[in-house]
Amino acid sequence: MGRNVFPVVFDGHNDVLLRLGAEDGGGPAAFFEQGEKGHLDLPRAREGGFGGGIFAVWIPSPKTSERTPRGLPPALDAAYALRYALAAVAMLFRIEDRSDGKFRVVRTAAEIEGCLDEEVMPAVLHFEGADAIDTNLDALHVLHRAGLRSLGLVWGRPNAFAEGVAVHFRRSPDTGPGLTEAGRRLVRACNDLGIVIDVSHLNERGFWDVAALTDAPLVASHSNAYALCPSTRNLTDPQLDAIAASNGMVGLNFAVNFLREDATRDADTPLDVMVRHIDYLVGRVGVDGVGFGSDFDGVLISHEIGDVTGLPRLMSALADRGYDDEALRKLAHENWIRVLRKTWGA
Ligand code: ZN
């Protein structure tokens, strides 16, 4: 394969910490070895032009057949959630420690730019769900000091702050109640501290509550267009319009079941389906409001991408579609850096 000629990618969502932390995941050392499993490690990132991104801490639900009345896994035990989350944060810092300066947990947009220029991988610490955060917000303050700069209020299951969507097809994302009082306080605290509030996974009423409360750009780190794939995980036109009005952004999720119009988990999915979502999102939010939120190591992606080394194929398909160099730079990293700088204040 020839040299990657496309702008470097800063990606809005990956689950590599989850993969490395699994029983047979290999731990932090595995991040530095070119793997066969999963989607993302340092050697493959280099090959694919993945410069850096937002690294999610996601807490698995303990095995149970229990479901809430709306079909979601039950809320997590707080002590379990905090213990699991701290182990994942420690994994991120252990990767940094053994990276010989090649991987840095970053806290400002200037640091991201500096890292990308020096071929150091910048990593933003993100929590996918606030299950590990107490309603006094003590953990939020401590984690912010440690480097937390992005937070999804919920994954699917409910917590003290909000409720997410269960994944359904051809159903509205208006699936349950909006933010709790603690959720409203959490939004204000994130605004004060300079933490991104990620609306991916949030149900529709929660989305509108955040939109009404926050003074930061609205960010959906890994969601697609409901008009093209009517999954509860995707964004309706009014939601996309609100994101545009806030100068926020949407990161394209590579999960085939959130891309395909039939929502099937079929990896035999042409790149064109991804390009169509980009076209639609750009048409609705603007070329300044769209980027990538791959969900590498978290979802089933197209064989045509395969893993992070397939990113140049997506960039090439976008170039063929007529996106010029300036547009490709925006989609690849500039939009993410703009929104993070605005939210973080530096
Ligand atoms: Zn997710």
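Index from 1, following the sequence. Both ligands and their constituent atoms are indexed starting at 1 by order of listing.
- Taking the six-membered ring for Trp and the full ring otherwise, the centers of Phe50 and Phe292 sit at least 6.0 Å from each other.
- Cluster note: Trp58 groups with Leu18, Ile59, Leu76, Tyr80, Tyr84, Trp155 through ILVMFWY side-chain heavy atoms spaced under 4.5 Å, whether in direct contact or through intervening members.
- Ring centroids of Phe32 and Phe103 are separated by 6.0 Å or more, keeping the two rings apart.
- In this structure, CG on Leu331 lies 8.5 Å from CE on Met249, to the nearest 0.5 angstrom.
- Using cut-offs of 30° and 60° for the angle between ring planes, the Phe254 and Phe296 rings count as perpendicular.
- With Arg205 contributing its side chain and Gly176 its backbone, the two residues share a donor-acceptor pair below 3.5 Å.
- Each protein N/O/S atom under 2.8 Å from the Zn ion (ligand 1) was counted, for a total of 3.
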